[in-house]
Amino acid sequence: MENELFMNAGASSHPPVMTSPSSSSAMHNWVSMETQTVDPSLGCNLFWEKSTEQSIFHSALSSLVSSPTPSNSNFSGGVVGGENVMIRELIGKLGNIGDIYGTPASNGNVSGSCYGTPMSSPTPGRMMVTKTTTPITEFSGDPGFAERAARFSCFGSRSFKGRTNSPFPINNEQPVATNEKMPRISSSPALKPLVSHVPAGESSGEYSRKRKAKSKQNSPSTVSPSKEIEEKEDSDPKRCKKSDENGDKTKSIDPYKDYIHVRARRGQATDSHSLAERVRREKISERMKLLQDLVPGCNKVTGKALMLDEIINYVQSLQRQVEFLSMKLSSVNTRLDFNMDALLSKDIFPSSNNLMHHQQVLQLDSSAETLLGDHHNNNLQLNPDISCNNIINPLETSEIRSFISHLPTLAHFTDPISQYSTFSEDDLTSIIQMGFAQNRLHELNHGSSKQVPSHMKAEL
Amino acid sequence: MNKSSSKTNHQSFEKTVKHEVDMAFALSAQEFAWSRFLQQKLLSSPHDDLISTSSYPSEILERSSKKQGGEKHQDRDEEGGEIKKRLKELQKLLPGGEEMNMEEILSEIGSYIVCLELQMIVLKSIVQDNTS
């Protein structure tokens, strides 16, 4: 089970099939794949684009997951269950990957400060990643990797810190959390969902909380691993509140832990307001960093305002390009001739229910070929019926086929097709009405209406 | 007479195509607030212009030049103000951005950018297929 947990936890490197097993169609997979690509691209653009790194990660994960359960003797103290061991081992191995393992106090270290002593013992088997070190060092320096490592470390530290928790609630929560993780991930930067999920079941001690009375924590062992690993280069053991982000998404379950604990930095105001401000600012800067990776040319720009400028310009240019392309698409399509039968199948949409729409739209491209191929002759008959209209001119069926197969292809990427179907109803009828004589259509409707729906149904 | 009617037809056709493209775009990424917002908007008003293409760039350029010529003191306040202006711009760009606060905008804009890029790739390939 731990293996599965890990597969889900390491999710972004694995296909979403696991997280959406019951999904009925490839569409959902595509969607989650898309979201999956969104998330890594937000956090780990560089990481995903470098195939060597990816393969490293893949090999690391696979080796980790497939490795036999380590003996507990390697870990001292606090081992609650096999899951903890597994997780700790994974994290240790990740630390090995980053080649930063030996310094628990170092920053940006996966197996570092969050684990303190137990991890100082050498993990079983120095890393089995056989890649050269140069990509590994790149790997470790990647902010995306840091985030990913943080994610793992969060899972691990949770179990490690589970002195107040039995591991079972964690076990129970993790599958749920990770199953929901995919959609959650996509809606926020890489770090956010893990944070929002991990503390969802969080009880005590892991994430620093903010109490109005005091701003400093005494116990050095309570660590917020993710943020610390990721950002804190300063020597102060600042525990940042990840739970602030939690506040956005999932309010802490336990009212006792409703506060957000932040340790004040040295020489800075310990006022609750300023702390909140600071956390907020850090969050924002974190997001800006992610955006910097996304938007080309943002690396040279410093300062929030200029970067925001760049982002705005980029989004605008993207939007303009999309609009231009859609205009171009419409101009291209005006030259296409609608095959009569394709029209028929579309025209039938209004008469059927939403489900049929859905299936018809989906099946359109697969059936388009057969329909178009069989009834090519009808094109010639139809042409005289086309009212003098500059919009639609006769062309080869190959173009039509590709056009038709492309339009619904966009719809393939969607889940709630019913909305699209009601939407397509108006559009397609308007298209149809634009260029073709109604009478002819009605004739044809009556003629083959029986056949085509059944044809459609057969393919369902 | 014919030409004008065909022109309006063409325009409505263009709108239709644009609408469809936008819809596909919104449907292509369901998990984001902006996509949900866009979807709702598209469904409720089928033929409006949703992706605004009004000339924001000129405003942006104005503002950046202003910033460079701006005063040095009270940098933070100024910067905060500048940032806020830009955030407002972003709000306008992002569908559904009006109701979001800064953090949400920043997190949503990343996914929006990526999906826009993806959509561009798709559209380019479609257009290429149909023109070549």
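Residue numbering restarts at 1 for every chain, and letters A, B, ... go by the order of the sequence lines.
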Between E89(B) (side chain) and I312(A) (backbone), is there a donor-acceptor pair under 3.5 Å?
-> no
Interface moiety of F324(A) toward chain B, non-hydrogen atoms closer than 4.5 Å | neither
If you look at every heavy atom in I284(A) and E103(B), which pair is closest and at what distance?
-> CG1-CG, 4.1 Å
Least distance between heavy atoms, L123(B) atom then V322(A) atom = CD1-O, 3.8 Å
What's the separation between atom [atom1] in [X] and atom [atom2] in [Y], rounded to the nearest 0.5 Å?
| X | Y | atom1 | atom2 | result |
| --- | --- | --- | --- | --- |
| L325(A) | I121(B) | CG | CD1 | 11.0 Å |
| L318(A) | L93(B) | CG | CG | 10.5 Å |
| Q321(A) | E117(B) | CD | CD | 9.5 Å |
| I113(B) | I311(A) | CD1 | CD1 | 6.0 Å |
| L329(A) | Q128(B) | CG | CD | 12.0 Å |
| R86(B) | E310(A) | CZ | CD | 10.5 Å |

Are more than 12 heavy atoms from other residues, nucleotides or ligands located less than 6.0 Å from atom CE of M120(B)?
-> yes
Could you check L106(B) against L308(A) for side-chain contact (heavy atoms from CB on, under 4.5 Å), going step by step and ending with a plain yes or no?
-> CA-CA 10 Å; L106(B) 285 181; L308(A) 282 176; 4.1 Å; yes
side-chain contact (heavy atoms from CB on, under 4.5 Å) between V315(A) and L94(B): does it pass, once the steps are laid out?
-> CA-CA 9 Å; V315(A) 169; L94(B) 193 67; over 6 Å; no
